[in-house]
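Notes to accompany the following structure.
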Amino acid sequence: MCGIIGYIGSRQATPILIGGLRKLEYRGYDSAGVSVLDPTSGPSTSRVVRCRGKLSALEDKLTREPAPGTVGIGHTRWATHGRPSDENSHPHKVGPISIIHNGIIENHLALRAELAAAGAKFSSETDTEIFAHLVERALIGGAPDLTTAVRRSLARVRGSFAFVVMSDREPGTLVAAKNSSPLVVGLGDGENYVASDVTAILSETRKVLFIDEGEMVTVTRAGVTITDFEGNLHTREPKVITWSAVQAEKGGFKHYMLKEIHEQPRAVADTLVGRLDLEHDDVVFDGIELDVKKIKRIIFIACGTSYHASMVGEFMIESLARIPVEVDLASEFRYRDPIVGPGDLVVAVSQSGETLDTMEAIREAKRKGAQILAISNVLEASIPRLADHAFYTHAGPEIGVASTKAFTTQLVAMALFAIYLGRRGGALTRERAREVIAELVQLPVKMRDVVETAGQIQSLARRYGAANGFLFLGRGAQYPIALEGALKLKEISYIHAEGYAAGEMKHGPIALIDEHLPVVVLVPRGPYYEKAISNLEEVRARQGKVIAVATKGDNEIGGHADDVILVPDTAIELQPILTVLPLQMLSYYVADFKGTDIDQPRNLAKSVTVE
Ligand code: AGP
């Protein structure tokens, strides 16, 4: 949930750390800090500068209290243990040891009690500080170097973590370790980097080593040594990252979220590249070979927006491949002692690839013998690395906390997967596959048409933006889109919103309807149209304000709604990829109208690596 970066070389570390933290700020943003050493002029004591607030607060503080030196670590925090405060900000320093941490030490209470009994004094409420005490004590207890001290300390902690540790006594070394939180090393010329995310170091280097679960790494100016927690040497070839650094910048839009909404046609096109076999009316699923006829059931596990994508996946797969599908929230699945095993294909969906609930659900399914496929937007993230097979969406880095392009590319991945299963399982005829593939090819152009209605949606947002609540209704594959529309609005505008299956409205939420409640009803062309119109009339009969999302060419809908947003026609399985776009834009413009912090909404983080 936090962002971490380390630098060791001959340049001034602070500007590099701050530059990296700026790229990482989306991962955590209630406080920030750096610890920097200057080993060039003999023995050095690291200077820690940290404070509560956004990164800009730290930058201000650094102008008053500069931190010179060529070795350093930096952190942006999203609080888990201990409220956001100056004292709880990272880095934590104990004796010569400075430390930054992403994750949670589960046995921190027992360790704190043990350390306190042994005379340790704590200056924060965090679980992280405990690790600094352990490392200091390991050195006092005779560990010959920082790497050994960190290794001995790792044996004492349980939980999810990525640590980076620095010592005033060994200023030429950074030591990092990983368990369930991302960690990457960047390789430079006479300088090296450590970070929780490649985007933090992309402007400095493109040559990276991804650190695996249960590995630690010793980084000096001259090189990098990877071992496991027992000290056995691990080797691997560096990877070269091709993402451009500007891809992750705002590109002239007011917010990352707006930029990412507009990037969706391109993101979908990128996700389709190389995956369509037009000659055989089939898809190329990145070389993944599943024995489809042996799959008895598919179980999706995911959280939040990825859960909604999975619900659409259920509709697509049952429609095109006729394989039974279940969809489960990862946080429920992992604790339910689920009935799952060989014959089940568990599909873990996560844009970040780091969501802890989803990772733990995968571990549970693996323990019980299921095969795991991951759908992720982040290459080499923990979730795809845990899975037996990984399929990547190509949305590029998504910085806005509210997911948009990662969602629509997940839906495209679902469609490709459904065609793959349908063709291999025999349920999908070649003719139907050809029709759906032809519609997939058309999608980027049709999406652009919808995104260009931004002006109309902006004026709707102005009209309805003062409402105290919203209701979103949909049937079939539009039901998860109703849920997603409500989630998006809640996340960024802080307006209460509910998503409902339209047929369920009469079983309760109908009581909410009056002339003040805007109700967004998803009514694209298709088998649910007449039913959805009836639900829409139920709203109108109670003076609710209806905003209908319908298909271009629908001449009737105007008579049933206060406002109409039209999207192009497409295959029924792909309609969600178009109907979600106006809902994303409506949320964005309502939030913009209210003036909320759209890219970093309160209490939320981009990547949820805690339970
Ligand atoms: C999306 O707008 C949300 N911020 C959130 O619900 C997110 O989808 C959820 O935390 C799951 O994240 P993941 O896709 O990275 O696993």
Side-chain angles (χ1 to χ4, degrees), residues 1 26-29 78 160 180-182 196-197 199 255-258 260-261 264 267 300-313 327-334 346-362 372-387 390-393 395-411 413-414 480-481 483-494 497 499 580-581 583-588 591 596-611:
M1 204 77 87
Y26 70 94
R27 290 180 64 88
Y29 38 82
W78 186 87
S160 65
S180 297
S181 290
S196 50
D197 192 321
T199 50
H255 295 96
Y256 282 114
M257 183 181 175
L258 187 60
E260 286 156 5
I261 286 172
Q264 292 181 98
F300 281 102
I301 46 175
C303 307
T305 287
S306 298
Y307 173 72
H308 300 153
S310 303
M311 290 173 75
V312 178
V327 186
D328 222 326
L329 289 163
S331 55
E332 289 294 316
F333 180 89
R334 60 182 286 202
V346 168
V347 184
V349 185
S350 170
Q351 65 78 25
S352 65
E354 299 294 346
T355 302
L356 189 69
D357 281 324
T358 309
M359 281 170 69
E360 291 305 327
I362 293 175
I372 316 288
L373 167 71
I375 297 179
S376 162
N377 190 43
V378 181
L379 190 78
E380 299 274 344
S382 305
I383 287 173
R385 291 204 288 164
L386 262 182
F391 185 81
Y392 292 102
T393 51
E398 189 177 68
I399 307 296
V401 166
S403 190
T404 53
K405 61 177 181 169
F407 178 68
T408 41
T409 54
Q410 283 173 343
L411 297 187
M414 299 291 174
I481 299 307
L483 295 177
E484 176 61 10
L487 177 69
K488 229 57 327 158
L489 189 70
K490 277 184 276 212
E491 279 188 300
I492 59 169
S493 74
Y494 316 144
V580 75
L581 302 176
L583 306 199
Q584 296 170 344
M585 292 193 283
L586 184 65
S587 304
Y588 172 81
T596 55
D597 190 347
I598 291 182
D599 285 331
Q600 294 178 346
R602 67 185 182 205
N603 306 336
L604 292 178
K606 184 68 185 163
S607 169
V608 185
T609 54
V610 291
E611 279 190 68

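Atom set for the values below is all heavy atoms of this structure, side chains included, hydrogens, waters and symmetry mates excluded. Just so you know, ligand 1 is whichever comes first in the structure, and atom 1 is the first atom listed for that ligand. Since we're looking at a predicted model, the values are computed, not measured.
No side-chain N or O of Lys405 forms a donor-acceptor pair with one of Thr393 less than 3.5 Å apart. Between the side chains of Gln584 and Glu484, no donor-acceptor pair is found at a separation under 3.5 Å. Checking Glu260 against Thr404 by side-chain atom types alone, no donor-acceptor pair falls below 3.5 Å. Thr355 and Asp357 form no side-chain donor-acceptor contact under 3.5 Å, judged by distance and modelled atom types alone. Side-chain atoms of Gln351 and Ser306 form no donor-acceptor pair, as typed in the model, at a separation below 3.5 Å.
Polar contact with ligand 1: absent for Gln410 (N/O pair, distance under 3.5 Å). Among the atoms of Gly353, none of the N or O lies under 3.5 angstrom from an N or O of ligand 1. Looking at Thr358 next to ligand 1, no N or O pair under 3.5 Å apart turns up.
Looking from atom 1 (C) of ligand 1 to the surrounding protein, the closest heavy atom is Thr305 OG1, 3.1 Å. The shortest contact between atom 10 (O) of ligand 1 and any protein heavy atom is with Val608 CG2, 3.8 Å. Ser352 OG, 2.6 Å is the protein heavy atom nearest to atom 15 (O) of ligand 1.
Proximity to Thr355 (heavy-atom distance under 4.0 Å) selects the following atoms of ligand 1: 12 (O), 13 (P), 15 (O), 16 (O). For ligand 1 and Ser350, the ligand atoms under 4.0 Å from any heavy atom of the residue are 13 (P), 14 (O), 15 (O), 16 (O). Taking every heavy atom of Ser306 and a limit of under 4.0 angstrom, the matching atoms of ligand 1 come to 8 (O), 13 (P), 14 (O). Taking every non-hydrogen atom of Val401 and a distance limit under 4.0 Å, the qualifying atoms of ligand 1 come out as 2 (O), 4 (N). Of all atoms in ligand 1, listed by their number and element, those nearer than 4.0 Å to a heavy atom of Ser403 are 1 (C), 2 (O). Close approach of ligand 1 to Glu491 is summarised as follows: ligand atoms under 4.0 Å from at least one heavy atom of the residue are 1 (C), 2 (O), 3 (C), 4 (N).
If you take SG on Cys303 and CG on Leu329, they are separated by 7.0 Å, rounding to the nearest 0.5 Å. To the nearest 0.5 Å, the span separating CD1 on Ile375 from CZ on Phe300 amounts to 6.0 Å. We find the CD1-OH distance between Ile492 and Tyr588 to be 8.5 Å, quoted to the nearest 0.5 Å.
A heavy-atom separation below 4.0 Å is found between Lys488 and ligand 1.
Across all non-hydrogen atoms, the minimal contact from Val378 to Pro384 is O-CG, 3.8 Å.
Looking at Ala406, Cys303, Ala402, it is Cys303 that brings a heavy atom closest to atom 9 (C) of ligand 1.
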